[in-house]
Every structure is written in C-alpha cells, then in structure tokens.
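Inspection log for the structure reproduced underneath, given as structure tokens.
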Amino acid sequence: MLFIEFSRCCERLEGIAGRLEIIDIISKELPSLTDEELPIFVRFIMGRIFPDWCQAKLGIGPNLLYEAIGYLAGVKKEVVLETINKTGDVGHAVEELLATKTQTTFFREQVDLVRVYRGLVGIASQEGKKSQREKSLVVRQLLGNASPLEGRYLARIMLEELRIGVGEGSVREAIVKAFNVDSGLVEHATQALNDLGEVARLSKIEPNTLKEVQITIFHPVRMMLAQQGTIGDMITDHGKIAAEFKYDGSRFQFHKKGEWCRMYSRRLEEVSAALPDVIEQLRGATDHDVIIDGEVIAIKNDRPMPFQSVLKRFRRKHDIAEAQEAISLVPNAFDLLYLDGKTLIGLPFSERRKLLGSTLKFFVAPQVVSDDVKVIEQTYQAALDAGHEGLMLKVLSSVYSPGQRGKNWIKIKPEVDTLDVAVIGAEWGEGKRAHLFGSFLVACQSEDKLIPLSRVATGFSDEQLAEVYDILKESIISHMGKEVTFEPKLVFEVGYSEIQISPTYEGGFALRFPRFVRVRDDKGITDVETLEGIRDRYQRQSKSRQQTPSQN
C-alpha cells in the first residue's frame, strides 16, 4: 500500500462520525494488505508506531518536527508555530506548509507504508549525542518525499496522535468483520499479545491459532484496572469477595524466565535498571517462570511513604545505589498472569491467587475473603491504620481483563473522590504566575476520543506549576489569547466534591470544586477515566443522597 493511499483512507475516516461506518471502511481495507503491511496499517490507523508491549520510542519532540517542517517549507520555526495556531492542528499546518515547500528533491519518490515504517524504526534506533541530528535528517527525508496530504498524517503519526477517531475497539471489530473470525478469539489474542497488528496478521493467515495464543514473557500486557464502588454493593452482588490493601505505591509487572528478570511500570515501560533491589527480592522468592502483577511501596520506620517517594525511584536513571539506601522499596504481589509456560488470565481470581501463594515464597499481599460486611470494614480500617490508601475488593470468580476497568475490581478510599484525567489545555496565569499555566482543562475518554470535563485551578504549589509547565511547554499545539491547547500526554489526579450535570461540557457532566492532587506520570492517556465511569459515579452519588436521612 502506498502511503498516499493510507492517507486518503485516513482523510475519509476523519470525516466520518459514525462508528459502524468507520468499522466498515477499515474492514474493507484489511484483506488487500500484504502480511507485512497489515500490522503496520493497524498500528498506524490507531496513531501508533510500535506494539504496545514494545520498548522502542520514536524520541522526537514537537520542536524537532517543527524545525524540520520549517526547513522544508523555507520558513522560520515561528511561522510553523503560527500556522499550527491558526489551523489548531499540527497535521493541517504541515499540509498547508508542504504545499509551498521550497527545500525538496528534484524527484519526489512515492513511498509505501512499509518504507515509512522502516524510516520511523530508523529514527527510534538513533542513540547518542548525534542522535537528534540524525533523527532530524530522517524526518526531513520522510516529509520531503511526502505530498501535503501525506504530510498531514505522517506528522500526526510522528506525534502518535492521529486524530481520526479510530480506537482499538473499532479496529478489533473491523478485524472480526474482515476475516470472519470469532470476536472472543480476537479479544483473547489481543489481551495476550498486546499487539493488535499481530492479531490482525494471525486472523488473516492463521485464524485457528488465535485460540492458542499465550502471553509471552518480556512482552508486558496491560494491567487490569479498578473503579469506585461500595462494600455493601459488592457483597450484595457477589456474596464472598476478596479484600486486599490498596497501596499508595506504583504498579509493577514482574517477568522472570530462568535467571532473567525484568520489571515494567503501569505504562509498560521497562524500569528494571531503576529497581534492581525489587527485582532481586522477587527473583529470590520463586524458582518458577512467572509474570506477576503487584504494587511496590516505599517503607520508612515500618510505615509506608507517599506515592511520590516510589515515583522518584521509578524515574531514577543514575546513582541507583544511593537511591536504594535513601528509599527502601517492598513489592506486594497480588496476581499471577503466567506460570511455567501457561497463561492464567482466563482462570478465576481465586485460583490465580492460590497459585500465587504456592509459587511465591514471600511478598504475597495479605487477603481476607468474606461475605460479612463487618469483616470487610474491619479489614478496611486495618489498611488505614497501617498507613495504606484503602481497600481493593475483587470478585473471586473474575478473570483477569488486561487494560479494562470493570466492576470486578473495586477500590475503596476514605478521602475526597478523585479521578485520573487527561490534560488537554490551559490558561496562562496572572501576576507572579504569568509565565506559567494557571489553570488547566482536563478531559475523560469516550469512544476513542477525549471529552472536556472541567477546569482545574486550585491545589497547585508554585513548584508544582513550574514542574507541570516544564512537562507541557513542548506539547503546545495552538494558542488563542491566554488559552493554549496541548497534544494530550499528561495525566492529573484530580479531587472533587461532587459530579454535576452540566451543559457547559460535551459529556454533560462537570466537577464541583475540582482540585489538583498530583501528576500521574505512571499512567498514560488510555488510563484516564471514561465518560461511562463518570456517569456511574454520578448515579452512585445520587443513590447515596437518596439513602441519606434528612437532617431537618
């Protein structure tokens, strides 16, 4: 497939709002692709370059891209930024600028999908002091051979933000339709492989193998997520449930094969080098090949330390030995996804926990199983007394659902309700904060797009605003007056007093008294709260009010 054909497909999809029509268009494209093109097309159409488990990163920021565009168009970077601001989108800006580019070869070559992908792989492989220069040259070469329309989508792919409304759910259904395969098998293979491109390839050439797909060690899978709920509702709905401490730490996924061990963060980034002590603790606790899900916490004087203490270690790249002495980390394992060649995610949680207990000698998180509200409430209080965040309640019969936030895992916390939301815009501050962002527009996710939810302006210290500015300043894609728009990269945890019905925002809800709690750079944009989750919270909130006796 030529990249111009891919670009025309994207342009067509970008103009469509209906999900069924999107699925239909993609399903008709898939069968005509070669075995090599198919995985690339699937990842590109979702705005991704590499499989989700892969540690490769393109490693180019907006500034490098803007400089390359300016070079090709024969204009200064400031003109590129003005064009982005005018169009409100990097892709459209690149399309406009490439239409008048001056720095180009005498003969523009038509490039295909595979060649573009190989060029991007080449960018990702560049390391060392000269890497930015080498990356810039490849970016210029790719864009120099691109037509204006191709430039629109190539630039967006480079920023991994395609903006055509195609998400994983739509692509999964398109694969099912294109190759007439069972949706359950596609779901299973997607969870195990964490690479929808490979799932598409198998669906085309060997659909019968989908049911045999196993989790692979050192290919991390997405972590199962929890939503808010109540002890009473969980026991009413399920009877006996498992209660575990909710830790204020960082989620990890530990992989071990023989003596080889690696550890991955919630965002599936390898953090082995930063956590050698944790790896050694878990390596010494089992003789088996395993994939373990858990949470690592920082301990001082036998009490857990705040989340930020753990995050410092996850971020650490240098002076690891000194950091180990300053911050002692302890893993808490609570699930087993793989054991000695067998994938376990389809087993009931009760069976996985039993296997975990017999596989791991130490560091298994404590658990209480009961259908008695008082027993669970006592466990909840014990968690708080020990300095933990609260409680996790889990359905004993539930399977492990990678990347899904369902009602099989429920979190209970005493403090103000919080949400994980994407930062999509901001407004410049005033006075001494005039050089920083003063308030932020945050969003939840719905049907593969981000929906504005609220503005957050309180809860920040000057130091936190400076840190957030440093993170976001390279992600600005447009501005109008005091308002700026970002490529969505950053997640905030935000507290609120209640959820309100609101016509102000597209989703129909808004947060009352939103307050910044912390940056969640251990989470990605796909981890933020869904509009469906917001709606569920609102309904529980309304139900709770109705059950509260009047004080009059």
Exercise. Going by atom types only, do Thr343 and Gln214 share a side-chain donor-acceptor pair under 3.5 Å?
Worked result: yes
Exercise. Counting distance only, does the side-chain N/O of His288 pair as donor-acceptor with the main-chain N or O of Thr359 below 3.5 Å?
Worked result: no
Problem set entry | Crowding at CD, Glu11 (>12 non-hydrogen neighbours, <6.0 Å) | yes
For this session: Taking the side chain as every heavy atom from C-beta outward, state whether Arg156 and Val94 have any pair of such atoms under 4.5 Å apart.
Result: no
Problem set entry | Ion pair Arg8/Glu150, N-O distance below 4.0 Å | no
For this session: Just do the salt bridge (charged side-chain N to carboxylate O under 4.0 Å, His left out) check on Arg172 and Glu187 with the steps written out, would you?
Result: CA-CA 8 Å; Arg172 275 204 313 267; Glu187 176 75 16; 3.2 Å; yes
For this session: Keeping the roles fixed (side chain from Glu198, backbone from Pro39), state whether a donor-acceptor pair exists under 3.5 Å.
Result: no
Exercise. Does a side-chain heavy-atom distance below 4.5 Å link Asp335 with Ile292?
Worked result: no
Exercise. Taking the side chain from Asn194 and the backbone from Pro220, do they hold a donor-acceptor pair closer than 3.5 Å?
Worked result: yes
For this session: Taking only Lys NZ, Arg NE, NH1 and NH2, and the carboxylate oxygens of Asp or Glu, determine whether Glu36 and Arg118 approach each other closer than 4.0 Å.
Result: yes
Exercise. Under 6.0 Å between the ring centres of Phe509 and Tyr538?
Worked result: yes
Exercise. Please walk me through it: do Lys407 and His238 pass side chain to side chain contact (heavy atoms under 4.5 Å, CB included)?
Worked result: CA-CA 11 Å; Lys407 295 182 179 180; His238 303 287; 5.8 Å; no
Exercise. Hey, are Arg152 and Glu14 close enough for a salt bridge, meaning a charged N less than 4.0 Å from a carboxylate O?
Worked result: yes
Exercise. Are Arg222 and Glu168 close enough for a salt bridge, meaning some N to O gap below 4.0 Å?
Worked result: yes
Seminar exercise, completed: Residues Leu393 and Thr230: closest non-hydrogen pair is CD1-O, 4.3 Å
For this session: Find out whether Leu419 and Leu511 are in side-chain contact, i.e. whether some heavy atom of one side chain is under 4.5 Å from a heavy atom of the other.
Result: yes
For this session: Decide if atom NZ of Lys257 counts as having more than 12 heavy atoms of other residues, nucleotides or ligands within a radius under 6.0 Å.
Result: no
Exercise. Which pair of heavy atoms, one from Ile534 and one from Glu529, lies closest together, and at what distance?
Worked result: CD1-CG, 3.7 Å
Exercise. Would you call Asp182 and Lys211 a salt bridge, using N to O less than 4.0 angstrom?
Worked result: no
Exercise. Judged by atom type as modelled, is there a donor-acceptor pair below 3.5 Å linking the side chain of Gln228 to the main-chain atoms of Ile412?
Worked result: no
Problem set entry | Electrostatic pair Asp536-Arg540, nearest N-O below 4.0 angstrom | no
Problem set entry | Least distance between heavy atoms, Tyr117 atom then Ile49 atom | CE1-O, 3.5 Å
Problem set entry | Intermediate values then yes/no, side chain to side chain donor-acceptor pair (under 3.5 Å), Ser272 and Arg262 | CA-CA 5 Å; Ser272 305; Arg262 293 178 189 168; 5.9 Å; no
Problem set entry | Side-chain (Asp289) to main-chain (Leu339) donor-acceptor, under 3.5 angstrom | no
Problem set entry | Non-hydrogen side-chain atoms of Lys135 and Leu64 separated by less than 4.5 Å | yes
Problem set entry | Ile175 to Val181 - nearest heavy-atom pair and separation | O-CG2, 4.0 Å
Exercise. Between Arg201 and Asp35, does at least one N-O distance fall below 4.0 Å, as a salt bridge requires?
Worked result: no
Exercise. If only atom types and distance count, is the side chain of Thr530 paired as donor or acceptor with the main-chain N or O of Gly533 below 3.5 Å?
Worked result: yes
Exercise. Can the positive tip of Lys354 be found less than 6.0 Å from the middle of the six-membered ring of Phe349, inside 45° of the ring normal?
Worked result: no
Exercise. Backbone N or O of Val166 within a donor-acceptor pair of the Ser170 side chain at under 3.5 Å?
Worked result: no
Exercise. Run the side chain to side chain donor-acceptor pair (under 3.5 Å) check on Gln367 and Glu244 step by step: do they pass?
Worked result: CA-CA 5 Å; Gln367 183 189 80; Glu244 301 170 353; 2.9 Å; yes
For this session: Output yes when a side-chain donor or acceptor of Tyr153 lies under 3.5 Å from a complementary backbone atom of Ile4, and no otherwise.
Result: no
Problem set entry | Ile241 vs Asp371 side-chain heavy atoms within contact, under 4.5 Å | no
For this session: Answer yes or no: is there an ion pair linking Glu161 with Arg48, defined by an N-O contact shorter than 4.0 Å?
Result: no
Problem set entry | Considering all heavy atoms, the nearest Ile424-Ala443 contact | CD1-CB, 3.8 Å
Exercise. Is the backbone N or O of Asn408 less than 3.5 Å from a side-chain atom of Lys394, with the two atoms forming a donor-acceptor pair by type?
Worked result: no
For this session: Identify which one of Ile40, Leu2, Thr34 satisfies the side chain to side chain contact (heavy atoms under 4.5 Å, CB included) criterion when paired with Asp112.
Result: Leu2
Exercise. Do Asn145 side-chain atoms and Leu142 backbone N/O form a donor-acceptor pair below 3.5 Å?
Worked result: no
Exercise. How many angstroms lie between atom CD1 of Ile451 and atom SG of Cys444, to the nearest 0.5 angstrom?
Worked result: 6.5 Å
Problem set entry | Pair Glu493 + Arg518, salt bridge at N-O below 4.0 Å | yes
Exercise. Ion pair present between Asp24 and Lys177, side-chain N to carboxylate O less than 4.0 angstrom?
Worked result: yes
Exercise. Are Lys489 and Glu474 close enough for a salt bridge, meaning some N to O gap below 4.0 Å?
Worked result: no
Exercise. More than 12 foreign heavy atoms under 6.0 Å from CZ of Arg283: is that the case here?
Worked result: yes
For this session: Mind running salt bridge (charged side-chain N to carboxylate O under 4.0 Å, His left out) on Glu506 and Lys449 for me, showing each step along the way?
Result: CA-CA 12 Å; Glu506 181 183 344; Lys449 63 179 181 177; 3.3 Å; yes
Problem set entry | Heavy-atom closest contact (Pro207 atom, Ile205 atom, distance) | CD-C, 3.7 Å
Exercise. Can you find a heavy atom in the side chain of Ile471 that is under 4.5 Å from one in the side chain of Asp521?
Worked result: no
Exercise. Do Ile164 and Leu13 come within less than 4.5 Å of each other through their side chains, counting heavy atoms only?
Worked result: yes
Exercise. Centres of the Phe492 and Phe440 rings: under 6.0 Å?
Worked result: yes
Exercise. Can a salt bridge be assigned to the pair Asp89 and Arg163 using a cut-off of 4.0 Å between side-chain N and carboxylate O?
Worked result: yes
Exercise. Any side-chain heavy atom of Asp293 within less than 4.5 Å of one from Phe334?
Worked result: yes
Problem set entry | From CA spacing to verdict: side chain to side chain donor-acceptor pair (under 3.5 Å), Arg537, Tyr496 | CA-CA 12 Å; Arg537 287 178 182 233; Tyr496 63 94; 2.9 Å; yes
Exercise. Would a line drawn from the ring center of Phe41 to the ring center of Phe6 be shorter than 6.0 Å?
Worked result: yes
Problem set entry | CA sep, side-chain torsions, deciding dist, call: Leu472, Val423, side chain to side chain contact (heavy atoms under 4.5 Å, CB included) | CA-CA 9 Å; Leu472 290 173; Val423 184; 4.0 Å; yes
